[in-house]
Amino acid sequence: MMRRWVSLVGLALCVGGALSAQGGVGRAAAADGAPTILVSRQLLEAQTLAIGDDVLLSSDPSGSNARRFRIADAYEPTPDPMQLGAARLEARLHLPDLLALTADPSDPQAAESVAAINVALVDPTDAPAFARDLSTKAPGLVARATAGAEDVRPFVVLERFHLAIALVTVIASTVFLLALMVMLVEERRETVGILRLIGFRKRRILLQVFAEGLLIAVAGTLFGILFAVAWQGAINRFFQWRYDTALVFVRITPQIAWECVLRAIPLGTLASVAASWTLLRREVLSLARR
Amino acid sequence: MKALTFAARSLARQPGRAVLGVLGIAAVGALLFDMVLLSSGLVVSFRDLLDGVGFDVRVMASDAMPLAGPRITNAMSTTAGLASLPEIAEVVPFRIAEAQASGREGRSVALTLIGANVTARRPWVVVEGRDLASARREAVETSTSGARDDNRPGALLVNRHLAGGLKVSPGGQLMLRASCAQDSVLPAMVFQVVGVADFPFDDESQMTAASSFADFSRACGREGHDEADLLLIAAREGHGPEGAVQAIGRVRPDLHAFTNEQIVARMQRTGFSYFRQISAVLSSITLFFGFLLITVLLTVSVNQRVAEIAALRALGFSRRRIVLDVLCQSSLLVGTGGVVAVPLGFALTVWLDRILKAMPGIPATMHFFVFESRALVLHLILTIVTALLAAVYPMRLVARLPIAATLRNEVVS
């Protein structure tokens, strides 16, 4: 019988040790009552395992003191941006099985020890008060809200970074837009001159430019949002394939769409008005002159 | 008049438009330059950091990344065995645990405790007081029996944050409770602070302390006794890191040894992958955006000048000369914008680097954006290619311009 040992990266309910697949033997031993485990989809694929297979798990890298388990099912690990690019070779065991597998026989407390206890509160807003009470009543225990600031810090930083990039992009786009509008307005120099000569007031022309700028900005913004919506699926699928993860990389929410609308339309309109104003300030005759 | 001078005068005729074009290209170019720096910045910085510590090889019990896998057992005998290899100059067993420390004022802080036996090289830089090795020698010398006194407080190096946080300085004492396993409940131990040191892998707010391996083991009790998270190895001159890795593989095939270059390559595939992807995506978008910007500017400019171009052709300017004029305009816009983009990009990296370095676990000495001449060359190549591609459509317009029809239309209109 050939055994393949692979390291499993440890999580709360995972064994940081070794796994050996025994294809063929597993199904034959189906009636022996081997404890069941869940394995990550990535582990299942990487080791060409199948649901119902028996595997040997050991907490020792050499594979000593291994125990037999049966794969009950596969699961998709919780997407974690901090583990992007890492192979999620994980398994989930029933707690008594994990303790039996990892406990130090010379330590009587080992079978009674866990790394963490997850608590669901009736009112989640009580988390800080609960943590305080627990720390007072059981010194040595550390209670932490799962929505703690430390856990979300990397995402806050990434969000700030993306915002900064977006800001630079918006500045570049605004300059681009302004250059474009200046050129378009220049192209209409004669038309504006004639309109002024036949009696159109500056305000009236500016209003017309404003309406036109608004229409272009609305159309451009809508196109941009629709373009992003159309591409988000492709971007997500590419990166999910690239990193073998269920993480969602791009999600265009209504809030994001509204933020884009609120920034893009005023900027677009302002650019067209600003560009036109430079033209309207000139003398009427200089506008009409060829 | 040469094509470049002619193009420069054409742009100077409409300074507002030219300035806006250059500014737009500069902003896009700055972002592109930053993304080129980001694509390799972390790798370069991480390599510098690893090399700067002074050790060439890291040895672990598994092929997991440092500190992520199981520990090396029988650390002392393994260290002695590897140190005797002719390819190896020095071996330092290294162990890390979490700890709680409290100073005189009773304030308690969480910190990272390092245990390492250092001799010649050390993975930290002492900035105040003494190092652990000299403190250990002194302890042995002052002992009446000439041996180490187990009741004497262990020597401890602290980083500046910890020294400032607990208001301790060399000569002061700290109560330290190590947490060497997940279910650890160990008693507190007294340590004497012998010095303040900078630890290269500390992040902006990390509190770190280091003790000798023996003192670390005492603080950890029997948990992980004689175990090391990794061994830091310096290869002997003439053999190189690869030689050291091969030698370790020969005598201890159960251990996993990696050169700094191999660790950097692994980090590049996993940990830094996100920023490489982000930089690739943003570079592509920026290039496309720059291409669009220049194409639109030149196309609109050409469309506005069709009559002038047709007149020049009628006067005897060759098609090649007129096309060259458009290309020169594109080159001038992109060239000027590209030159402005470099200092602008540098200024932007300071801001972006500060934002990203707030990420937990990023050593303070590491940078996301690191200047390399290779990055500048790549930036130049990308900018030149963009300028050329962006000029293709307006050049085609100019080349195919019907002279007689254009002039007639111009007169009629």
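Letters A, B, ... mirror the listed sequences (proteins, then strands); counts begin at 1.
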Q) Does CG belonging to A/N65 count more than 12 external heavy atoms closer than 6.0 Å? A) no
Q | Student check: side-chain heavy atoms of A/F249 and B/V281 closer than 4.5 Å | A | no
Q. For B/F346, does the CZ atom have more than 12 heavy-atom neighbours from other residues, nucleotides or ligands under 6.0 Å away?
A. yes
(Q) Given heavy-atom pairs under 4.5 angstrom as the criterion, report whether the side chain, backbone, both or neither of B/I285 touches chain A. (A) neither
Q. Where do B/L352 and A/A164 come nearest, in terms of heavy atoms and distance?
A. CD2-CB, 3.5 Å
Q.
How long is the straight-line distance from OG1 of A/T169 back to CG of B/L31, given to the nearest 0.5 Å?
A. 5.0 Å
Q | Check: A/F161 and B/I278 side chains under 4.5 Å, non-hydrogen atoms | A | yes
Q: Indicate yes or no: at least one non-hydrogen side-chain atom of B/F275 is less than 4.5 angstrom from one of A/L158.
A: yes
Q. Quick check: are there more than 12 heavy atoms from other residues, nucleotides or ligands sitting under 6.0 Å from CZ of A/F238?
A. yes
Q) Quick one: does A/L163's side chain get under 4.5 Å of B/I355's, heavy atoms only? A) no
**Q.** Interface residue of largest heavy-atom contact number with chain B, from A/L178, A/I171, A/L177, under 4.5 Å
**A.** A/L178
(Q) I need the A/R160 CZ to B/M359 CE distance, nearest 0.5 Å. (A) 10.0 Å
Q) In terms of heavy-atom proximity below 4.5 Å to chain B, should A/L167 be classed as side chain, backbone, both, or neither? A) side chain
Q) What part of B/L38 is in contact with chain A, defined as an atom under 4.5 angstrom from a non-hydrogen atom: side chain, backbone, both or neither? A) side chain
**Q.** CD1-CG distance between A/I165 and B/D34, expressed to the nearest 0.5 angstrom
**A.** 7.0 Å
**Q.** Proximal component of B/I362, with respect to chain A [non-hydrogen, under 4.5 Å]
**A.** neither
(Q) So for atom CD, which belongs to B/E204, do other residues, nucleotides or ligands contribute more than 12 heavy atoms lying within a distance under 6.0 Å? (A) yes
Q. What do you reckon, is CD of B/E308 surrounded by more than 12 foreign heavy atoms closer than 6.0 Å?
A. yes
Q: Identify the heavy atoms of B/L23 and A/V175 that sit nearest to each other, and give their distance.
A: CB-CG1, 3.7 Å
Q. Which region of B/I25, side chain (C-beta onward) or backbone (N, CA, C, O), has a non-hydrogen atom less than 4.5 Å from a non-hydrogen atom of chain A, or is it both or neither?
A. neither
Q | Shortest non-hydrogen contact between A/A172 and B/V28, atoms and distance | A | CB-CG2, 3.8 Å
**Q.** Contact origin within A/T174 toward chain B - heavy atom pairs under 4.5 Å
**A.** neither
